[in-house]
Amino acid sequence: MTTEERTGFRRFLNRLTATDSELDAEELQRDSAKCGAVPAGDCRRGQVVSVSGRLRTVAYTPRTNLPTLEADLYDGSDVVTLVFLGRRSIAGIEPGRQLTARGRIAVRDDRKVIYNPYYELEAPR
């Protein structure tokens, strides 16, 4: 058996034994790499990055002085929270939606955050 056949067989066995969430994470990482985005797990504070993935949650946070819309973007490796200051809602920003966001990574409460990111929505699948 050649090395290529062994790795193919090993990959087949891994796919049989993997959970749905693990398979979903692998698919998200492949899609993210195809569009040239930086894996969220590799992002560091202060970096200007482009991250691509699926929105897990979207929440409106009413604050007395500045309302915010927060969305958790998951790319299969880690989560980056997108914070839209002064917004109550944005058309197309909803859980399950694929998008690519660009901006500078900040850290808030030990979470990676991008404030007011540039974003591109992908066509629904």
Side-chain angles (χ1 to χ4, degrees):
M1 200 183 260
T2 66
T3 305
E4 198 170 297
E5 289 172 342
R6 238 182 275 136
T7 58
F9 183 68
R10 186 172 292 138
R11 194 175 323 121
F12 174 72
L13 284 177
N14 286 342
R15 291 191 65 75
L16 281 178
T17 59
T19 64
D20 287 340
S21 61
E22 290 171 337
L23 293 175
D24 188 43
E26 286 178 18
E27 181 183 349
L28 285 171
Q29 287 177 5
R30 275 194 306 273
D31 291 346
S32 178
K34 281 181 190 175
C35 73
V38 175
D42 295 344
C43 295
R44 300 288 169 247
R45 171 191 256 161
Q47 269 185 312
V48 176
V49 296
S50 175
V51 290
S52 182
R54 183 178 305 131
L55 293 177
R56 278 186 164 174
T57 61
V58 177
Y60 167 64
T61 309
R63 299 224 164 97
T64 56
N65 54 355
L66 184 66
T68 61
L69 183 69
E70 296 186 8
D72 287 339
L73 181 73
Y74 179 65
D75 76 342
S77 65
D78 201 358
V79 175
V80 174
T81 301
L82 308 177
V83 178
F84 300 92
L85 300 172
R87 303 296 299 263
R88 287 182 171 79
S89 66
I90 299 174
I93 301 293
E94 55 198 26
R97 193 70 189 261
Q98 294 278 130
L99 67 84
T100 300
R102 290 182 198 83
R104 186 173 305 276
I105 294 286
V107 176
R108 181 183 75 185
D109 300 329
D110 294 327
R111 296 183 322 168
K112 296 173 185 173
V113 177
I114 299 177
Y115 290 97
N116 292 328
Y118 294 101
Y119 65 94
E120 296 175 19
L121 296 171
E122 295 180 18
R125 295 182 188 185

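Basis for what follows: all heavy atoms, side chains included, without hydrogens, waters or symmetry-related copies. Position 1 is the first residue of the sequence, and the numbers go up from there.
Taking CD1 from I114 and CG from L73, the interatomic distance works out to 8.0 Å, rounded to the nearest 0.5 Å. With rounding to the nearest 0.5 angstrom, the CD atom of Q98 is 10.5 Å from the CG atom of D75. Interatomic distance, R88 CZ to T68 OG1, rounded to the nearest 0.5 Å: 10.5 Å. Taking OG of S52 as the reference point, atom CD of E122 lies at 4.5 Å (rounded to 0.5 Å). Atom OG1 of T81 and atom CZ of R111 lie 4.0 Å apart (nearest 0.5 Å).
Of all non-hydrogen atoms in R56 and P95, the two that sit nearest each other are O-CB, 3.6 Å. Of all heavy-atom pairs between L121 and A91, the closest is CD1-O, 4.0 Å. Among all heavy-atom pairs drawn from C43 and V38, the shortest one is SG-CG1, 3.9 Å. The heavy-atom pair separating G41 from K112 by the smallest distance is O-NZ, 3.6 Å. Contact between Q47 and D42 at its shortest, heavy atoms only, is OE1-O, 3.7 Å.
In summary, R108 and E70 engage in a salt bridge, as defined by a charged side-chain N under 4.0 Å from a carboxylate O.
Placement of V51 and L69 within a single hydrophobic cluster is found when ILVMFWY residues are connected by side-chain heavy-atom separations under 4.5 Å, directly or transitively. A single hydrophobic cluster is seen to contain both Y60 and I90, as judged by linkage of ILVMFWY side chains at heavy-atom distances under 4.5 Å, directly or through other members.
Each of L99, N116, V113 was checked for a side chain to side chain contact (heavy atoms under 4.5 Å, CB included) with L82, and the lone residue meeting it is L99.
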For this session: Please lay out, stage by stage, how L55 and I93 fare under the test side-chain contact (heavy atoms from CB on, under 4.5 Å).
Result: CA-CA 8 Å; L55 293 177; I93 301 293; 3.9 Å; yes
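Annotation: cation-pi geometry not satisfied between R102 and Y118 (NZ/CZ under 6.0 angstrom from ring centroid, within 45° of ring axis).
Within a 6.0 Å radius of CZ in R97, more than 12 heavy atoms belonging to other residues, nucleotides or ligands are found.
No donor-acceptor distance shorter than 3.5 angstrom exists from the side chain of R45 to the backbone of A106, with no hydrogens or angles considered.
Ring centroid separation for the pair Y119 and F84 comes in under the 6.0 Å cut-off.
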